[in-house]
Each structure stands twice: as structure tokens, then as C-alpha cells.
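Some notes on the structure that comes next.
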Amino acid sequence: MKKITRILSGFCAAALMTSSLAGCQTKNASSDVKTSGKEIPTLTVWTIGNQPKNLDEGLAAMNDYTAKKIGVKINLKVAGWGDWETKMNQIINTSEYFDFMFSDNTKYAQQVSQGALAEITDEDLKAVPGLTKLIPEDVWSGAKIKGKLYAIPAYKDSAQTEYWIWDEAIVKKYHIDTKNAITLKQLDPILREIKKGEGAKNKNFYPFIVDFDGVKGMLMNYDDMTLGLPTIGVRVDDPERKVVSVLEQPEVMEDLSILHSWMEDGIMNKDAAICTELPRYRTVFSTQAYPGLEKSFAINMDISDGNTVMEKMAGPVYTNSTIQGSLQVISKQSKYKAECLKYLELLNTDRTLRDMWSYGKEGVNFNYVDKEKGVVKRVIGMDWGLPGYAQGTSATRSVDEGVPTDQWEQIKKLNEAAEKSVILGFTFDREPVRNEVQNVRAVWDKYKNNVKTGAKDPHEIVPQVIQEMKAAGMDKIIAEAQKQIDEQFKK
Amino acid sequence: MQQRFGRLYEAETLLSGISLFRLEVEIFVGYEDIRHGENQGRCDCMKEIRVEQEEKKRTKKRWTRDDTELSLLALPTTIWFLLFCYLPMFGIIIAFKDFRITGGFWQSFIESRWCGFENFVFLFTSDAIKVVTRNTILYNIVFIILGIVVPVTLALMIGQLHNKRAGKVYQTAMFLPYFLSWVVVSAVVWGFLSIDKGLVNQIIQSHGGEGVSWYDTPGFWPPFLIFMNMWKGLGYGMVVYLATITSIDSTYYEAAIIDGATKWQQMKYITLPLLKTVIVMMFIMSVGRIFYSDFGLFYQVPRGASSLYNVTYTIDVFVFQQLKTASTGMASAAAFVQSVLGCATILVTNAIVKKFDRENALI
Amino acid sequence: MTTKVTYQSGLEKFNRIKPGTNVLFNFIFLILAIMCVVPVLFVLMISLTSEKALENGYQFIPKEFSFEAYKFLAQQGHLIFPALGISVFVTVVGTVIGVILTTTLGYVLSRREYKLNKLLTWMVFIPMVFNGGMVSSYYINTNLLHLKDSVWALILPIAVSSFNVIICRTYFRTTIPDSVIESAKIDGASELRIYFRIVLPLSLPVLATIGLFLCFGYWNDWFQSMLYIDNQRMYSLQALLNMTMQNVEYLSKNRAFMGVEAAQLVANLPKEGSRMAIAILIILPIACAYPFFQKYFISGLTVGSVKE
């Protein structure tokens, strides 16, 4: 009797395992809900951000709306910021089913070369005139790879414009002429003066603080062909489209030397190379922006009773990388390609849907202050958490209370005035040199923090880096890139 | 637990008298000698044992009911292994294919072009690979040696303390670092070593010295990382050895004490030999993982500082960085190489151990 | 909780180390213990410091005491409590399943006369060095076994490790004398009976050890959540902490293309103090569980009474 119970318990353990496996069914990737005779497909969608507290509620509201308008529903899944890269890699690599997802310039080219994305042909676009009307030709061409389109770009501040953001109080105190404080060279004497003044009481006061990524926008004049290696690029205004080694360009070396001198003299934070988190308040820094954000920055910097001064540093510039900053890509295996496009059209042209994606459920996460003009007020503590830039255009998106309502017009003006990179529309096909790309990247990973922040003397370290990269095959990559560029642009 | 054992002895009467007697003989004559089957000639029961063993060998070939029952016992775990370890093994083939998506996973897998060793090229042409391999192996050699010597010593020591409760407290305290994830540890290390906000530099500066840029001093890091690894794994490493020491029959010690053995002799002749099997097992397994490293330690703690690359990058970190931009095939190739190297080392080590001590080899 | 620490008529006392050596040992352990406890205390202190004071660096004694980190966490309770629940469930269930699976196979492998011993040993040994890689494991677990987005994805794939099985096997071989098993056999007991009634009760140290390893493994795991769980509400506690820490890094790196929104998003992230508070939250339950396991292998260290 005892023996039987022992055998039974052994079987129970096995049964426990197998039943638990059987008992968990995958959520049906796309379930079809039949309502009033017509099938409403539910698309599987991935986006990035912090999962909202009331995701289900907000999603239900969205689906009600879209089901009525275009007969499509979505099952929206949110990947956290830190997880997004790994999760999307897994999904793409294992051909897991999805309909459309957010992608960006770091992943787009790779996903295309792996063959995971569906091509969006001109035929497809004919069915969504709303999109073609909204998004200008330049932006479309920036999202094309070898002339073929695989994504719907988000038309927002797609041209990169870097601004210097100053603490207004400091500007007034030291009578800084911000219009002539654009290049690092011009900033040099100003920062030294500030350091002398403010640094008298606090030895650890740094007028200029950067993190391991260095000065944002410093290498903006070079289009990196979405390779993600800042050391290889084409000058955006070079009519000959010559692929060069960026670090060796004289103006770049000069800037790096200035950064290095700042670090030595205590103008810049000494731990820049390993700094991963920036303090909220910085005297002056550079970032992507557009006009009208002075007060927003002031609030973020904890000087809400003061203000900031914004001075244009560089740009606006259109490159493939900037345009590919936010894309929606459709899976090659999606069964609902046309429906995806229809949904994306609605998302980009319909204010109600766009606001639901950005701000959540009306009445719960936000409220309309003025629906006509497009102004919302978020409910404190119920922040939706999904970033607007990763979803679609800013054109139809309402703005927060306090932000000028003509913000989109301003952004659009910047976009239209943007300088187009000479290689707009060209994305480098790295397959022929993929081993070299890997190895050069390995070298760059080794040195990038020290180089970009000027932590080491550029005159010493840059030649070393270049030498190692050449040994890893940098010249071959440059030659290959030049070949592809010449081929594509020789008309 | 010990009480149960005692009751067992009482319950087994006549028939087990022989086995009890045999047990006592084993203790007094010398555990090792019997296991090596040497003829000590000290006692008749020795011959009895050998005869029994030979009989056992003869009945070895037939499948018995015992075997069925043991198989049943092993069944659930075997299923687990098949499902979670052996089924995914086909993934090794991905390393040899140029993986492209043409449809579902299987379709893509089958249709992808076979490309032989192409995916491996980037691993072996990179200069970085030599540096990271050297780092991995050197660090692991130190970890293996220290990872056995230190926990064993401490495990032996902790049992000798007069105050047992103090021993428990110490052991619990030594376990605490293990609970902290490397992410948190790296933040704490930052708190100590940051150039102008860190505690260490603040102390130096308050005594009039110049703060040291720790994250810029490569020489400091190998000893520091070794220390961090030991610090985190100390409590954990001790556990296995403590568990074994606990189950050593105290009659061994009593007999030895009666014979007048000192503490040293007790350790040398009783504890260590009985620990030997466990130590050898841990050693072989550690060696088998000589090409792997603790990712958290080498990636999170140095915070990606460029200056420290040459002394802190290991194979796992290198592969991780590469994989962010490499293709699926290349990723599988990297994992495959690590597996093969690990397999080779473990087999070689096992073979060497087998030469010296057949009983304790892993397989 | 104290177990059988009975001194036997002076024999044990006679066998103790010299008092001088005892002091030395105590001193060494004290140092080691302090080195281990101090960083944990440090983390606790950071979590109790106000955010403003933290910007100037970490202090051991906080310049400004504040509970704001924990208040922030309380607000995030909707995130943390489910994660805590998931972690506890996964740890408890996983440890039980893992211990059962590991010890049964370990025992079977320790029996030299078992016909399939060599085969099964190889079966256990190979995955220790070879694995199919993340891609194929993910595919199998998702498509074949349908574990995606289910709590079992956090439990089953890491329930057994070859390492633990080998430890079990070695333990059984060295501490269960063949004679005990033989005498039971002579009495007519079947293998199963021997295992459950004789061997298991004798193996509490190894059960505790494996249980401990599994417990900690499950509690600290974040990778499984990240890979297999779509719904962030179902993340384990450690996965939540990891994601939070990585969020900061990601946002710093990619700020260029996110524009102004980046600043707002960063402003909403948990700050340094809160992250340390989460770390403390992760340590507490498991630190409390530890003594439960400890009594099985520290008690009766030199005094393991056989004869009662």
C-alpha cells in the first residue's frame, strides 16, 4: 500500500509538471471578435514606455473608438525602457507574431536586413492618403532603405536642432551674450568666468556638466549613415559625399581639445566618462529642442521661479538617423497589413486617438482644457507614462497646458527650414563588411567614453583609436560605404 | 536527523548486526583503504566484504525491479531535462546558418543559408578577443583557487568556535552580500569610489591628500574585483562545505579523540578526506566554467569605464556588447564557442582527476 | 530553534580549540562579518537620505534624514505589491519543485548499481557545458510549451541545474553508507521506500542546501521576467528593480532623439534613494528566510550525535 502511494506521488510530480504546461495557453495572437456579423481583427502592437496603471481601461476606450471608426482593435503591449532592446530582439529573432511595433534608427536597418519587416509599397500607401498628405517627401525618403520603404516615420521634430539652454539668472549675472556663445571656443572664456565666480564657494561646482555621451550635438554635422559609429560619416553639406574618418577632422579635434582642457581645469565634471545620470540643474547644456520651451526646461531644472534662455546651437538638419528616430514597422508575417496601415493613418490624423495614446483615458488620466485648440491638463498621480514621440506625429497631438498652442507650427517651420543631408535616403548596407563593422565597434566601445567627453588628451588618444580601428578594418568600411553612396547617387 | 539514525540502529536487529559490524570496521580500519579495495588483512570481515562485492558484480547485468523503481524516481527530472535542455539544442545549428526571416521561425530556420564558419570569423579576427580571453582565464584561475581554499578554511574554522550561536550570527552576516544584486553593489561602489563625491576620496581630502580617480586606475581593479567577488560569494560558497561537514559522523571524531588525536590530526585524517569528494566536484565544475564569468561583476561594477577595458572586460561582457548589433547567427556562434571550450576543459580536467582518484571524478 | 548541542561528558570540552585560538577565530570572523554588513547598512542609509543631500554624494550618516524614498515607493505600491506577490509565489513554488526534481535525480545517480546510471550522468552533464542558446530556448518555451506571459515561465526553466544535481549525487554517495541501504534491502524494502523513508530523512543538510540555492536563485532572478513576461504588472520584484535602474541609463543615452520629453520622463523616474529603497525591500524577505535554512547545516557541526 505504501509502495503504491510512493509510486503515485512520483507520478503526481510528473503530472504536476505536464499539466502546468498544458494549462497555460498562449494569449491568442490575434483573436477575431465577431460583432454584428463583421469580424473585428485585434492587432498585436508593441510600444515602449512605462506601463500605465490603468492600461486596460485606456486600451478599452481606444478600442471602442477605433472599432467604430475603422473596425480595428489593438492589443497594446508595453516594453520598459531598459527591456525594450532585448525584448524586441527576441521577438524579431524568433519570428514571434506581432502586427506592428515601434522601432528606431538603432534597430531599423538591422531588422530590414534580417527580413523581418513588411515592405510598404506605393500601392499600400494609396489606401492611406491621410499619411501621404501629412508626411513630406523628405521624411519619407529618410525612412527608405535602398529605395524601399519599410516603416511609417513619425513626423515630429524630425529635423535635429540643438539648443544651448542657459539658466537665465546666470546669464543676467555675468552679462552673457548668448548669441555669441555658440561654439565651444566662444564658450570657453565665459565658462571660465562663471567658474571663478560661482566656484569660489563650492570647489565642486562645475559650470559645464556632461554624461558619458559627451556634448549632445557636437558631431551633428556628420551623417553617420545609421551605422551608429560616430567615427565614420559624411559631412551633411559635402556636395561630393565623401565618407571620412570623423575624429580626424580638424574642427572635431579642436572641440575635443577644448573639452579636455575644461576637464583638466575643473570647468567640466571630472567623472564625465562614467557619469550615467545627470543632475537636474545644470548652468548650461545642449539638447534637442524647439522654440517655446523655456519654461518647461526651467521646471525640469528646478528653477521654476526663474527661467531659461534658449539659443540655437546647430541645425535644423535632416539626416536618416534623425528621421528614423521614431518609426512604426509592420511585421512581414502580419496577417493584417492593410488594417495596420489604416490604424496608423487614424493615429496620425485623428486628434482624439492621438491624445488617447499620449495622455490616456479622458477624465481619468487627463482632461481637455480646450479641445478645439488642443490643450490638455494631466491628472496628477495618474500619469499615463507612454512617450508621445514613440507613437506618431506631433501634428495632431494636443499640448500640455502652459505650452504655446502654436508649438507644432514652430516645429514645422524648423523642419521645413532644415538642411537636408546630402545622403538623405541612403542607408548603409553593412552585410559585405559585417565582420569589420563588429570589430570596429568593439574598438569604439573600448574608447568611446574617454574620447567623447575629452577625458583623455585627444591628441594622444585619437591617433591610438584610429590606429586600432584601421587594424580592425575601418578603411574597408569607408571604401564600401563610398562605393554604395556613389552607386546610389550617381544619377 | 541524528536521532533517526540512532533509532534505525536500534530497529535493525539480528540481520543488520552484520551490517553494523561492517560499519564499525570501516571506521576503524580506514575508510579509504576499503574503497580502494586493498587487502589490509587486518580482519576477516574484509574478505567477507570483498566476496560480497564480487557477487554484486555478477548480478550487475540483469535489469531488476529496483532499476524500474529508480527509473520512476528519475522520470520527472528526466522529462525536465529533455524539454528544457535537449529540445533547444538544435539552436546550436543557428551558429552555422545565415539566419534570415522568411516566414515563421521554423520556415526561416530551414530556409536560411548554411554558411559554415562564417559567423565565427568576427570572434577570431577581433583583437579584443585575445584581451578578453586572457582576462577571463586569469580571473577564473584566481577565483577557482580562492573559491575553494577560503570557504573550506572558513567552514572548518566556524565549526570550532566555542560559541555556536556566534557562529550562526557570523555566517548569516557573511551571507548578506549575496542578497545584493550587482546593480546595487555597483551603486555602492560608486558611492565609495566616485571621484569627488565618493567616501574614500572625501576621507583622503579631509586629511589633505589628493583624491584618486579610481575609475581611471587600471592597476587597482584586478585585486579589487577579486576582492568583490570573494566578498559576495563567501557565505554562499561556505554552505556546501558546511553541509558536508555537518553530516560527518561524529563517531569518527570520538574514536580519534580516544586515540589521542590533536585538532590538526582530526582535520587532516577525518574532515579533509571526507570533504575531498565535494572539493574535487566543485573544482571540476568550476574549471568547466573557466570561460564564463559573472556578468554582473565585470559589467556593472566598473560602469563601462573606458580606461578599465583592458583589465575588466571578460568574454561574456564582450559578447554581450557585440550581440546588441550582431546578427542571430553571430550570437549563436559566440555561445557555441564558449560551450565547446567549456566542454573541452571539463573533460580534460575530469580525465586528469580520474588518473589520480578514480572515485571522485565526475563521470 | 537550538538543536542537539549536547556535550558528552567532557569529551567535547576536551576536544575544543584553545581559548586563544578561539579569540583569534572570533576576531577574524568579526572582521569578515563587519565587511559584509557595512555595505548593506550603507544602502539602507542612502535610502533614508533626502534626494537633495544625495546630489552632493553619498554620506554614511545622512546629512538630511528623509523617508521620501519610501513614500515614493508607497505611491508606486500598485507596481510593487504585485511584484512582491509574484516573487514570493515563484520562490516558494519554484523551490519546492526544484528540490523535488533535483534530489530525486541526484539520489538515483548516486546508486552505482543502477543500470542507466552512466546514461543519466551524461544526460545531466552535457547541458552543463552545452546549451542551445537563447534564441532556441525562447522559441521552445514560447511556441512549444506556451509559457509566454505565464508565471510558469519564471519557475520551470530554471528549476533544475546540473550543478545542483551533481552536488546532490556527491552528497548521497559520501554520506549514505551502502550498508544502510543494503540492510534495508535485506529487510525487503523497495527502492522507492528506501528513498522516501530512509535516505530523505538523513539528507536534511543537502535538502536545505539545494533549497537555499534555489530559493535565492528564484528570488534574485530578473532575466526570465524580462524575456517572457509581456505585462509589466507580472514582473518579479528583482526584475522591476532592474528595469528601473536600466530605465535611467536608456533615457540618458537616447535623449538626443527624444527631445524635450526626455527631461519630463526622467523627472518621473525613481531617484537614487528610491532605488536603494527597492534594493532594501528585496533584501529583507530573503534575509529573514535565511535562518530557516541555516539551522540545518550549522547545528551539530562537530557534535553530531549518533549514539543517543
Side-chain angles (χ1 to χ4, degrees), chain B residues 1-2 4 6 12 15-16 19 22-23 63 66-67 69-70 73-74 76-77 80-81 84-85 87-92 105 157 159-162 164 168 170 173-174 176-177 179 183-184 188 191 197 239 242-243 246-247 249-251 257 263 277-278 281 288 328 332 335 339 342-343 346 363, chain C residues 5 11 15 17 22 25 29 32-33 36-37 39-40 42-43 57-58 101 104-105 108 114-115 121 123 125 127 129-130 132-133 135-137 139-140 157 160 163 166 170 174-175 179 183 186 190-192 201 204-206 209 245 279 283 286-287 290 297-298 300-306 308:
Chain B
M1 147 188 150
Q2 309 288 13
R4 282 280 194 91
E12 314 285 12
L15 292 171
S16 37
S19 30
R22 234 186 265 139
L23 185 62
W63 183 271
D66 285 341
D67 290 312
E69 295 193 353
L70 284 178
L73 205 53
T77 322
W80 185 94
F81 269 97
F84 290 101
C85 294
L87 264 187
M89 285 251 182
F90 74 87
I92 295 178
F105 183 72
M157 276 165 62
Q160 303 299 324
L161 292 177
H162 287 183
K164 299 290 176 229
K168 281 194 198 154
Y170 291 136
M174 288 199 279
L176 281 179
F179 299 128
V183 183
V184 175
V188 173
K197 295 196 243 160
V239 167
L242 278 179
T246 308
S247 6
D249 201 337
S250 75
T251 43
I257 295 170
K263 274 275 163 197
T277 316
V278 178
M281 167 198 79
T328 321
S332 302
S339 296
C343 185
I346 215 179
I363 27 162
Chain C
V5 181
L11 193 64
N15 194 36
I17 49 173
N22 191 44
F25 281 5
F29 278 114
L32 287 176
C36 293
V37 173
V40 180
F42 196 28
V43 172
Y58 299 163
L101 291 180
T104 47
L105 190 59
V108 171
Y114 178 54
K115 301 293 183 303
T121 308
M123 177 190 81
F125 172 74
V129 282
F130 266 100
V135 172
S136 50
S137 303
Y139 173 71
I140 297 274
V160 182
F163 186 74
I166 301 282
T170 311
T174 47
T175 54
S179 40
S183 52
I186 291 170
S190 70
E191 282 287 353
L192 289 177
L204 289 180
V206 84
T209 312
M245 298 274 204
I283 295 175
I286 202 72
Y290 177 64
F297 43 77
I298 210 167
L301 265 181
T302 47
V303 191
S305 47
V306 170
E308 294 279 325

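Reminder, nothing fancy here: chain letters follow the sequence lines and each chain counts from 1.
- Across C:N22 and B:Q160, no two heavy atoms sit closer than the pair OD1-O, 4.3 Å.
- Heavy-atom minimum distance, B:E69 versus C:S190: OE1-CB, 3.1 Å.
- The heavy-atom pair separating C:V37 from B:A173 by the smallest distance is CG2-CB, 3.8 Å.
- Listed options B:L176, B:I92, B:L161 were ranked by heavy-atom pairs under 4.5 angstrom with chain C; first place goes to B:L161.
- For chain B, the nearby part of C:I140 is the side chain; its heavy atoms alone come within less than 4.5 Å.
- Put simply, of C:F25, C:F42, C:F29, the one with the most heavy-atom pairs under 4.5 Å next to chain B is C:F29.
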**OP:** Please test C:L32 against B:Y170 for side chain to side chain contact (heavy atoms under 4.5 Å, CB included), starting from the C-alpha separation and ending with a verdict.
**Re:** CA-CA 8 Å; C:L32 287 176; B:Y170 291 136; over 6 Å; no

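- Here CD1 of B:I346 is found 4.0 Å from CZ of C:F125. Values are rounded to the nearest 0.5 Å.
- Taking all atoms of both residues into account, the shortest heavy-atom contact from B:M89 to C:F130 is CE-O, 3.5 Å.
- Looking at C:F163, the atoms closer than 4.5 Å to chain B (heavy atoms on both sides) sit in the backbone and in the side chain alike.
- Of all the heavy atoms in C:E191 and B:L70, the pair that sits closest is OE1-CD2, 3.7 Å.
- Atom CZ of B:F105 is separated from atom OG of C:S136 by 6.5 Å, given to the nearest 0.5 angstrom.
- The part of C:Y139 that comes within reach of chain B is its side chain, from C-beta onward, which places non-hydrogen atoms under 4.5 angstrom from that chain.
- Of the listed residues (B:P177, B:S332, B:G342), the one with the most heavy-atom contacts under 4.5 Å to chain C is B:P177.
- Closest approach of B:L73 to C:V108, counting heavy atoms only: CB-CG2, 3.9 Å.
- Heavy-atom pairs under 4.5 Å with chain B were tallied for C:V160, C:V40, C:V43; the largest tally goes to C:V160.
- To the nearest 0.5 Å, atoms CG (C:L105) and CH2 (B:W80) are separated by 10.5 Å.
- The main-chain N or O of B:V278 is never found under 3.5 Å from a side-chain atom of C:T170 such that the two would form a donor-acceptor pair.
- Ranked by non-hydrogen atom pairs under 4.5 Å with chain B, the options C:P157, C:A33, C:A279, C:S137 are led by C:P157.
- Chosen from B:A335, B:G91, B:C85, the residue pairing most often with chain C at heavy-atom distances under 4.5 Å is B:G91.
- Ring orientation note: the planes of C:Y114 and B:W63 are tilted relative to one another, at an angle of 30° to 60°.
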